[in-house]
Undergrad: 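Below is one structure. I have some questions about it.
Excluded from the calculations below are hydrogen atoms, water molecules and symmetry mates; all remaining heavy atoms, backbone and side chain alike, are included. So you know, we letter chains A, B, ... as the sequences are listed, proteins then strands, and number each from 1.
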There are 2 protein chains.
Amino acid sequence: MAAEPLLNQLTDALRCLPGVGPKSAQRMALHLLERNREGGVKLSAVLAEAMQRIGRCKLCRDLTELEVCAICANPRRDLSLLCVVESPVDVLAIEQATAYQGRYFVLLGRLSPLDGIGPAELGLDQLSERLENTPPEEMIIATNPTVEGEATSYYLQRMAKTHNIRITRIAHGVPLGGELEYTDHSTLAHAFGSRLLVD
Amino acid sequence: MAAEPLLNQLTDALRCLPGVGPKSAQRMALHLLERNREGGVKLSAVLAEAMQRIGRCKLCRDLTELEVCAICANPRRDLSLLCVVESPVDVLAIEQATAYQGRYFVLLGRLSPLDGIGPAELGLDQLSERLENTPPEEMIIATNPTVEGEATSYYLQRMAKTHNIRITRIAHGVPLGGELEYTDHSTLAHAFGSRLLVD
């Protein structure tokens with residue numbers, strides 16, 4: 001009785017997952033124990049291996065257990081396009097939603113001086129080197145349209161300008177299927193300001 | 001490139017958790033990798049240990065890594081009260097919400113002939129033996145108020161009657177803080193039918 005019961009230890013440990021509070025952690029622990037021990041054993045093994053082996057791609061800084069990630073190592077990906085994103089989730093989202101066939105560069109963050117995140121933490125010296133040595137024809141900036149994402153985007157633009165590369169930014173505006181009535185003010189104002197000539 | 005990337009394996013493995021779809025699994029995997037490797041390593045270790053070591057208490061069938069669970073092993077718990085519940089969650093809920101100081105018996109399920117769950121699967125022979133050898137004064141039936149829970153409750157009542165034990169069932173009715181207007185019909189009808197004499 002001295003040690004914490006193992007069930008409580010498991011419930012506590014599950015709370016390291018995002019969005020998992022005490023009730024869900026309890027439900028998860030009991031579900032695994034009562035109905036899916038095999039899944040639990042598998043998860044623990046994969047988790048241990050992933051935590052130990054997954055690092056960053058030395059070219060694009062994306063998460064991978066290899067030295068160079070699958071996208072960077074793929075000779076069929078277009079070297080003339082480089083898309084800069086904030087996080088590995090963004091790579092996954094773009095891969096799933098679009099037919100983009102270029103390469104990526106993952107910042108793993110965004111400029112945020114108050115949190116001590118400057119150009120060095122985002123690997124911008126590495127990006128600058130890459131733009132110098134193997135310049136793409138076009139750099140697509142796909143940081144998030146938040147204050148910090150915009151600041152990062154601005155910094156990237158200034159940096160790329162010195163390398164004579166075409167710089168683009170993904171479009172922001174009213175989402176497809178969205179309704180003007182329910183679109184927030186700043187998005188609608190931005191969409192209005194960035195209107196495009198038809199024809 | 002032959003093997004599935006480790007990140008995808010981790011995302012897949014996380015989906016064995018209840019209520020975790022592809023998007024949440026992805027978010028969890030990236031959260032652990034980017035922000036909380038230590039938590040991930042800890043989780044994998046505790047998970048492996050729990051899946052391997054947690055079994056059932058030989059007295060009450062609750063989940064525990066010990067031969068006899070902490071509640072059954074506690075000499076200060078009242079042997080004259082025995083509360084029968086469907087699942088380990090119910091034990092946790094009762095322990096957290098009430099001042100109950102008796103023992104438990106965990107069915108780990110409810111009678112459901114269509115799913116092949118009969119008295120044997122619920123350890124009812126073990127319970128019957130316990131009622132025979134160390135009969136409590138009172139058996140509190142706390143199965144859920146669902147069709148199967150009620151059937152289980154009825155079976156338990158019949159079984160306990162042969163042992164000359166006081167049998168009680170936890171009260172069902174309008175929840176505290178609930179409003180009659182929003183209480184479902186069957187609960188309200190039950191509450192009306194089970195009205196108690198005041199004073």
Side-chain angles (χ1 to χ4, degrees), chain A residues 1 3 5-20 22-56 62-66 69-70 73-74 87-89 92-93 96 108-109, chain B residues 1 3 5-20 22-56 62-66 69-70 73-74 87-89 92-93 96 108-109:
Chain A
M1 297 238 279
L6 204 45
L7 180 58
N8 296 7
Q9 288 181 39
L10 178 58
T11 307
D12 284 349
L14 281 165
R15 293 196 54 193
C16 73
L17 297 171
V20 176
K23 279 272 173 193
S24 332
Q26 199 177 14
R27 195 160 64 94
M28 287 175 169
L30 290 167
H31 174 89
L32 292 177
L33 287 166
E34 291 184 72
R35 304 212 188 94
N36 196 356
R37 296 233 175 188
E38 216 174 296
V41 170
K42 174 98 191 293
L43 174 57
S44 88
V46 174
L47 192 54
E49 196 187 349
M51 291 301 126
Q52 202 208 324
R53 288 187 46 210
I54 292 183
R56 296 181 183 178
D62 198 1
L63 292 170
T64 175
E65 72 275 25
L66 309 166
C69 74
N74 186 342
S87 133
V89 228
L92 294 171
Q96 282 159 17
L108 286 174
Chain B
M1 296 238 280
L6 203 47
L7 180 58
N8 296 6
Q9 289 180 40
L10 178 58
T11 308
D12 284 348
L14 281 165
R15 293 196 54 193
C16 73
L17 297 171
V20 175
K23 278 274 173 190
S24 331
Q26 201 178 0
R27 194 159 63 94
M28 287 175 170
L30 291 166
H31 174 87
L32 291 179
L33 287 165
E34 290 183 72
R35 302 210 192 97
N36 196 357
R37 296 234 175 187
E38 214 175 296
V41 168
K42 173 97 191 292
L43 174 58
S44 87
V46 174
L47 192 54
E49 197 188 348
M51 291 301 125
Q52 201 208 324
R53 287 188 46 210
I54 291 183
R56 294 182 185 179
D62 198 2
L63 293 169
T64 176
E65 73 275 24
L66 308 167
C69 76
N74 186 342
S87 132
V89 229
L92 293 172
Q96 282 159 17
L108 286 175

Undergrad: Of all of Gly19(A), Gly39(A), Gly40(A), Gly55(A), which one pairs up most often with chain B through heavy atoms under 4.5 Å apart?
TA: Gly40(A)

Undergrad: Please flag which part of Ser87(B) lies under 4.5 Å from any non-hydrogen atom of chain A: side chain, backbone, both or neither.
TA: side chain

Undergrad: Mind checking side-chain hydrogen bond (donor to acceptor under 3.5 Å, both in side chains) for Arg15(A) and listing every partner two or more places apart, or none if nothing turns up?
TA: none

Undergrad: Could you list all the salt bridge (Lys or Arg N to Asp or Glu O under 4.0 Å) pairs where at least one residue sits in residues 36-54 of chain A, not counting sequence neighbours?
TA: Glu49(A)-Arg53(A)

Undergrad: Quick check on the interface: out of Val41(A), Asn36(A), Leu30(A), Leu7(A), who has the most heavy-atom pairs with chain B under 4.5 Å?
TA: Leu30(A)

Undergrad: Does CD in Glu34(A) sit with more than 12 non-hydrogen atoms of other residues, nucleotides or ligands closer than 6.0 Å?
TA: yes

Undergrad: Under 4.5 Å, counting heavy-atom pairs only, tell me which of Ala45(A), Ser24(A), Ala48(A) racks up the most with chain B.
TA: Ala48(A)

Undergrad: For Ala50(B) and Leu6(A), which heavy atoms make the closest approach, and how far apart are they?
TA: CA-CD2, 3.8 Å

Undergrad: With side chains defined as the heavy atoms from C-beta onward, is the minimum distance between Thr64(A) and Asp62(A) less than 4.5 Å?
TA: no

Undergrad: Where does Gln9(A) contact chain B at under 4.5 Å (heavy atoms): side chain, backbone, both or neither?
TA: both

Undergrad: Under a 4.5 Å cutoff for heavy-atom pairs, which residue among Ile54(B), Leu10(B), Leu17(B), Leu108(B) has the most contacts with chain A?
TA: Ile54(B)

